[in-house]
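First comes the structure, then the notes that go with it.
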Amino acid sequence: MKNNILIIGGGPAGLEASAQLQRMGYNVILIEKDSVLGGHLAKWDRLFPDGVPADEVLSGLIHGTEGVKLFTETEIRAINRLEKSYNVRLTNGITVLSDAVLIASGFDLFNAVKKEEYGYGIYDRVITNADLEAYFKNGSDKRIDHPKRIGFVHCVGSRDEKSGCRSCSKVCCATAVKQAIEVKESFPDAEVFCFYMDLRLFGRHYEDLYLKAQKEYGVRFIRGRVAEVSENIDGSLVIKAEDTVASKPLKATMDLLVLMSGMRPSVSGKAVGDLLEMTVEEDGYFAVRSGIAAGQRSPLPGLFLAGAATGPKTLPETLADARAAAVEIDRYLTEIFPDARNYKQLVRERW
Amino acid sequence: MTPLYQFLAAQAEVPEVIDRIPSGYSHFVIPFTIGITFFLCWIGVGCVRLLAAIPRNDRIRFWKSLFIPKTIVKNLKDLFGDCLFHLKIWQRKPLLGYMHSAIAFGWFMIIVLGHIEVALFVPARLNVSRGGLFYPIFYRYFVWMNPGHTTLKGSFFFFLMDFFLLYILTGIGLAVFKRFRSIVLGMRHTTKPSLADRIALYSLWLIFPLRLLAESFTADLSGGSFLTVGVNHFWHFLFGDKLMFLPFWWAYSISLGLFFVAMPFSRYMHILTEVLWILLRNAGIKPHHPRKGVAEAEIYACSSCGLCLDACPMNVQKKNLKYSSVYFIRFLRRHNEKKINAIADKCLMCDKCHALCPVGVDAPALRRAQRITVNNSLPYDYSYLPSAVSAGQLSGPGRVHPRFAAAEYGLSPAADPAGAQKPEVLYFAGCMTHLTPRIIKAVEKVFKAAGVEYAFADREGGICCGRPLMLAGKTEAAAKVIEANKKMIEESGCTTLVLSCPICYKIFREEYHLEGIKVVHYTQFINDLIASGRLPVSKSDEKIVYHDPCELGRGCNVYFEPRAALDQVGTLVKAAKEYDESICCGGSLGSLTLDTRDRAKISESSLDNLLANSPETIVTACPLCLKTFSEAVSNSKHKYIRVTVKDFAEVICR
Amino acid sequence: MIYEGKQKIWSEYQKEIPDDHYFYVRSCIRQSFFPASEATFLDITRNKLGKDIFETEHHTTCGGIAYHSDTIPQETVMTIIARQFALMAKNGYENYVCSCITSFGLYCETMETWREFPELEAKIRENLWKSCKLEFAKPKFLIHASDLIYKYRKLIAAQAVRKLVNVHTGEPLKVVEHIGCHYSKMFPSKGVGGAEYPYVLVGMIEAWGGEIVDYPERRHCCGFGFRQYFIKGNRGYSLSNTHKKFESMEPFKPDLIITNCPGCPYFLDRWQYVIAESTGKTYGQDGHGIPALTYEEVAGLVMGYDPWDLGLQTHQVGVEPLLDKMGVEYDPAKKYLGKNGKDIGAPAPCSCLK
Amino acid sequence: MVDFGFGLVPSSRMNLDLFDKEKYEELAEIEPDVRICMACGSCTAVCTAGKYTRTSLREAIEDIKNAKPEKALEMLRACQLCGKCSMVCPRGINTRHLILSITKVYSAK
C-alpha cells in the first residue's frame, strides 16, 4: 500500500519535496493556502546571482509535481495525531490520513510598515524589494517615475532586535545587489546607493555580483544603516545614515528608496504549528531535531520540515533542504513506520 | 679638370667612357631630382633646427666632441657598426642583421662606388651645376662604354656594382619575405606601418629591382657585369635587338623620388638621423624634453624596426603591443599628445627595449621625460619628512649595538666608545622589503652569520627612496625624499650602505651622491662576504634559476655577483632569456596604468621564461619580484608546478 | 505623503487617557517662560470643560534639569518623584498629569526602571519613608498635559470661536507641530501616535482646522539639549540645531509652530531672534518670524481668549501677523500691559526681526 | 549684526547631494579602479607616509564619493608613490595611478 504524505505549503520547498516523493512512489497531497503555487517565487521576477527568470524556475518545479494531488486555496482545519499517523481535516472538506507530514510553510516578508522611520506606506516613494520585483514583473508602479537617485536599505527587519529579529535574513544582501544592478539597467542615468551594515554575500558567484555592481554599474556601497527618512516638499526623500567607514553622518536626497524586507516566520505556518503544538525557537522559526544532523526532522515523529520554515534560506538551499526532507521521509516510511511492533522503540532510537 | 683615368690608365688611347647623352640630362631624372632636393632641404633645415633646440652648453659640447680623438674613434665605430653593418642586430638575429646590413651597407657602397666611378671616368659631372645631383645615380644611362676598351678597372667597378646590387636585392628579398613571415627572421612581432611608411617601404622595395631592370636593359651599351649583362642577354633573347629601356629608367627615378619625398615622414628617416643621434649620444648629451633637441634626433633615429615589440614584456597580450616603444616614438613624432601620455604611463620601465635597441634609443628615458611634463606639477606636502626620518631612528631596536654584537660574535670590543656608536654598515630595507619580511630576516641572518656589525636604518619603517616618484615623473618631489634620506644616512656615519631592494639601489647609486659611502646591493655585499670567506656557505644540488630584476640588471648592470654567490650554494640553471634579456616580473612600479590582470599575464610569461629548464627554485633579489612571483606561482597555471620562489639571501643563508 | 499610512500608525499608538480627576504638576521653567500657558490650561479644563484638576503648592521640581545635567544622582531624583506621586495619592488621586515634558519623560523612565528593577523601587520606597514619612504610591495613569488637551480637543473645538484658518483666504493655517523629545522618543508607546509620527499635537491641529506641515527635520530636537544650552561655549550647537529645523521647514512656509514642551517654544522662539540678529535670516513672511506657541496658547486663541491674557507678548517673535490671519482682535496698546494694567516693559527693538 | 558670543556651528554631516558626478565620471574614465574599492583599509595600513602623517587612499576614495574632494587631496598630499598599497590591495586596484588621477582630476581648476 502506498503511504500518504501530506505536504503543507506550495512554495519551492513543498513543490520540490512533493516531486521527489512522488518519484519515490508515495501518494503525495500538497496543500497551498493561496490560489497559485510558488509562494514568494511566484511574485519574484529574476533570481540572484545569474538573473535567471523566476518563472522559469517555478514552472520547472511545478512541472515536476505531476501526479501529486494539489489543493490550492486550502488550509488545515484540524489535525490529530493517531498512534502513528496524522488525521488531517482540510478546509475543502477532505480528510487525509497521512503517514508523514512535511511542513514547508516558508516565510513572510517583514512588514516594512513596522520600521516607522522609513515611512513605508507613508512616503510616496518608499517601496520594498517585493514591490520592486513586482515592478520588474509587471512593468508599472506609480511610485517609480524615472528616479535619478535610488537608495537600497539593507537589513530592514533583519538584525534588528527592536523589530523583532536579531538574525540575518541571508538573502537580502544578494537581492539588493541584484536589484541595484537591475534598477540601474532600467534607469542608466540613475545613481544607485546601497546602505548596508555588513555585506553578507557568502555564496558562490555572489562576490562577482558585488564586484560587477561596483565596476560596471557604479553602484555606491555605503556602510551604515539608514536611520531616518523624511519627505521633502517635492516628494523626494531625505535619508540620514552614518557612513561608518568615514565615521561621519551623512544625508542624501533620493527619488526612490527600496527597503530590503527580511524574512520573518510565516504567520500561517505558525498557525499550523500551533495545531500540532510544535515548538518554535526564540527567533520564531520551528525547532528541528538537530540543527546539524537532523535539520529536516521536527521533534515530533513523522513530522518533517523543509525550507524557510526552519529559518532563512536561499532558494538553492531550500531546494536542497526539500530533497533532504524527501530522503528523510522515505527513510522513516521504510525503516520505522512499517514495523508496527517495534515502532515506538524505533522512534526512540532513530528519530 | 683632368679626368682621373688619364693618370690611372695612361695607356688607354681611346676614352673608355663616352657620353652617350652629351647633355648629361634626360627628363626621367626629374622625379629623382625633386625628391632628393626636397629631402636634402628637409634634413638641412631639420639639423639646424634640432641643434638650435639643444641648450647652448650641450651644443658647444657637441661641436667639441667631434674633435676629441676618442670620440671620433667611437663615432666611426658606431657609425659603421650600427648604421651600416647593424652589428647589434647581427648579434641577436643574424638573418635580420644580414637583411639590414645588406640594404644599408649595400646601398651605401653602391652610392660610394657610383660616385667613384664618375670621379674616375667623368669627374666633370660631379659638379652640381652639371647634374652632379643625379648624374652619378643614373651614370649607367648617360654613358656608352667603348666596346673592346673595357679595362680591368672598368670591369672591376662593373663587378662591384653588380655584386652590391645583388647583395641589396637579397636583403630586399628578405625584407619582402619578412613582411609576410616575420617569425622566420626571428621576429614575433612587426610594426604596423603608417601611410608614409608604406609609400617609402614599397618604393624602397622597388628601387633596386627597378635599378636592376633599368641597368640590365642598358648593360650592353653602358657596361655591366655578371648580373646586369646576364639579364641583358635574357632581354635580348626575349625581345630581340631593340630594347625600350627608357620606361624603366623613369620607373627607377620615380621610385627613388618617391622614396626621398616619403622618407622624412617615414621610419626610414632613421637611416640619416641615426648618424646625428650617434654623434649626439657619443657626445654625452641627454634629453631634457621628450620631443625637443636631442630627443628629436633620438626619436627620428628610431628605425621602427620593431625589435622592441619582441623585447616588451607587455607583448604577451596583443592589445598591449600598441604601448611598445616603437609606437611611443611614432606618436612622439606625430605629436599625438593623448596617445603619447597613454603609452608613456603604461610602460613598466623595465628598460629591455633600450637594452635591445639596435640604435640605442633610450625610450624609457623619453617616457620619463614625458611623465615629467604631465605629473611634475601635482601637489604634494612633504613637510613631515625631516621629522620622520632622522638618524635618531637608528637607535631603535633595529640597532645592534657594536658592543653587544662584538660580544655575541666573539670579536674584540670596539676600542673607541664614540666610534662604537657609528655603524660601519647601514642596512636600508626600503618600503617594499617590509612587505616581504622574509628578506629582512634572511639578510639579518646573513649579517649575523658573517659577523657584520650593522645598523638597521628602517626597522620600524622609513620613507621611500624616491625612485617610484622619479619613475612617475615627480622629480621635484623625489628630490625632497632623497634629501631627507640622505641626511639620515650621512648622519649615521656609516661607510657602507647595503640595500636589499634594487629600486632603492638604483636611485641611491645614481641620485644620492653619498660622499664617502659605498652603496651596494645586498647581492654584491653578500658575494663579497662569501668571496672573502667571512660567510661560510655550502653547495647543494638544488636547481636554481636566477631572475634578473630589471632595476638591478639592466638598471645597474649587476649580473655577475648574484650568480657568483648562488653558484656557491646551488646549481644554477638557465632561463630561456637572461641577463639583459630577462623578462620583467610584471610587478614593476614603472607602469602607472597597467592593471592587475594585465600584470598577471606578464608574470605568467616571465615565469614561463624562468621555468624553461625546470628549476626547483626561482631566486630573485628584489622584494617586488619576490612578491609578484610568489603570488603568480600560486595563482597562475603554474600552481600545478612544484617550484618555490625564494629571495637571494634566503637561499644563501639556508 | 500617504495619510492613510499615518492613520494606521496612529491607530497603533493610542494610550488610555482617563476623562477626569487629575493631580496636576507644574513645570519649573514654563512658569517663567510662558506663565500664562499653565493658567490657561487650568482655566480651560476646570472652568470651560468642568473637569476636576487638583494641584497642590507642596509639589516641587521633578529634578529633571539637574538629572539631565548630571548634577544629582538617580536615586535622589527617584525619591523626589516618589514624593510627588505620594502627594497625589495622599490627596486621593490616581491620575497624574504633568505640565513638563522633561518631567513626563523622567516619570516614564522612573516607572519603567522600577518595573525592571523592583529592588530599586523598594529602596526608593524606603528612602521616601525615611525622608518624608510619606506612603509610596504609583499613579495608575501617567499622562502629559498635552495628552489631556488632545483628549479634550473636540470639546475645545466645540466651544471654539474660530478655527486655525486664514480668515482672508479661507485656507487652513499651515502648522508645524513639534513635540518635546522626551515626550515619546524614549518610550514611543507612552505618547499618542508614537515617536515617528506623533499624533498628540496633530490631533489638536486637525480638530481645530489647521493643516499639518510635515517637513524633513520634523523629528529634530529644538536645540535645548540641557548641557548644550546651559554652557555658553556649547550654545552654538543649540542654535545650529534650531537653525537646521528652520532651514528645513522654510520651503513649506508655515504660519505657526505648536509645541508641547517647556523648552521647545522658548528655543524655537528666541533662537529665531538670535539667527536673525546674527545672520540676518528670518523665516516668516516679510521679515517676520514664525510664531512658536504652546498648545494651551493655541487652544486659548481658538477659544477666543485675549492674546495678551494668553501671554503672547512674552514671545520674542511677534504674533501680530498670525493674529491678523486668524482674525483675532487685539489692542496693540495693551500688549505690554500686565494683568494689573501696569507696563511690563517692551523689549528693545530688533534690527532684523520684525 | 549682533555678536552673541556664540553662533552657528558648521555641520559635520556629509551631504551626498553635493557629489560631483561629472568629475567623478571623469576620474573613473581614466582610472576605473576607483569604483571597486571595498574599503578594507589595507592601503592605509601599509602606507609609508601614513606612518608619519595622516594619509589614506581608502579615505580619499571615500571623501570623493562623499563630496569632499578637498579632503581627498589632503589625504594624498603626503604620498610618496612608493606602491606598497598596490601590492596589498585585495581588489588589485592600481593605487598609484588612482592617486595620480585623483590629484590630477580634482586639483585642476
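Letters A, B, ... are given to chains in the order of the sequence lines, protein chains preceding strands, and every chain is numbered from 1. Being a predicted model, the structure only gives us computed values, none of them experimental.
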Salt-bridged, A:E182 to A:K178, with N to O below 4.0 Å?
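Yes, this pair counts.
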Just checking, any donor-acceptor pair under 3.5 angstrom between side chains of A:T128 and A:D131?
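The criterion, which ignores hydrogens and geometry beyond distance, is satisfied for A:D131 and A:T128.
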Is there any ring pair (Phe, Tyr, Trp, His ring centres under 6.0 Å) pair reaching into residues 57-78 of chain D, and which pairs are they, with sequence neighbours excluded?
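Pairs touching residues 57-78 of chain D that pass the test: none.
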Measure distances from A:I222 to the heavy atoms of chain D and classify the residue's part below 4.5 Å as side chain, backbone, both or neither.
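Contact with chain D is through the side chain of A:I222 alone.
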Scan the chain A/chain D interface and emit each donor-acceptor pair under 3.5 angstrom with its distance.
unit_1 : atom_1 : unit_2 : atom_2 : d
A:R149 : NH1    : D:D17  : OD1    : 2.9
A:R149 : NH2    : D:L16  : O      : 2.8
A:D189 : O      : D:K21  : NZ     : 2.9
A:E207 : OE2    : D:R91  : NH2    : 3.1
A:Q214 : OE1    : D:R91  : NH1    : 2.4
A:Q214 : NE2    : D:C37  : O      : 2.9
A:R220 : NH1    : D:K65  : O      : 3.1
A:R220 : NH1    : D:N66  : OD1    : 3.2
A:R220 : NH2    : D:N66  : OD1    : 3.0
A:D243 : OD2    : D:N66  : ND2    : 2.9
A:V245 : O      : D:R58  : NH2    : 3.0
A:P249 : O      : D:M14  : N      : 2.8
A:K251 : N      : D:M14  : O      : 2.7
A:K251 : O      : D:L16  : N      : 2.9
A:T253 : N      : D:D17  : OD1    : 2.7
A:T253 : N      : D:D17  : OD2    : 3.4
A:T253 : OG1    : D:D17  : OD1    : 3.3
A:T253 : OG1    : D:D17  : OD2    : 2.2

Can a cation-pi geometry be assigned to A:K170 and A:F202, taking NZ or CZ under 6.0 Å from the six-membered ring centre and within 45° of the ring axis?
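Yes - A:K170 lies over the ring of A:F202, closer than 6.0 Å to its centre and within 45° of its axis.
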Criterion side chain to side chain donor-acceptor pair (under 3.5 Å) against A:E133, the qualifying member of A:K43, A:H40, A:Q179:
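The side chain to side chain donor-acceptor pair (under 3.5 Å) with A:E133 is passed solely by A:Q179 among A:K43, A:H40, A:Q179.
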List the steps, then state whether side chain to side chain contact (heavy atoms under 4.5 Å, CB included) holds for A:V258 with A:V183.
CA-CA 10 Å; A:V258 187; A:V183 87; 6.0 Å; no
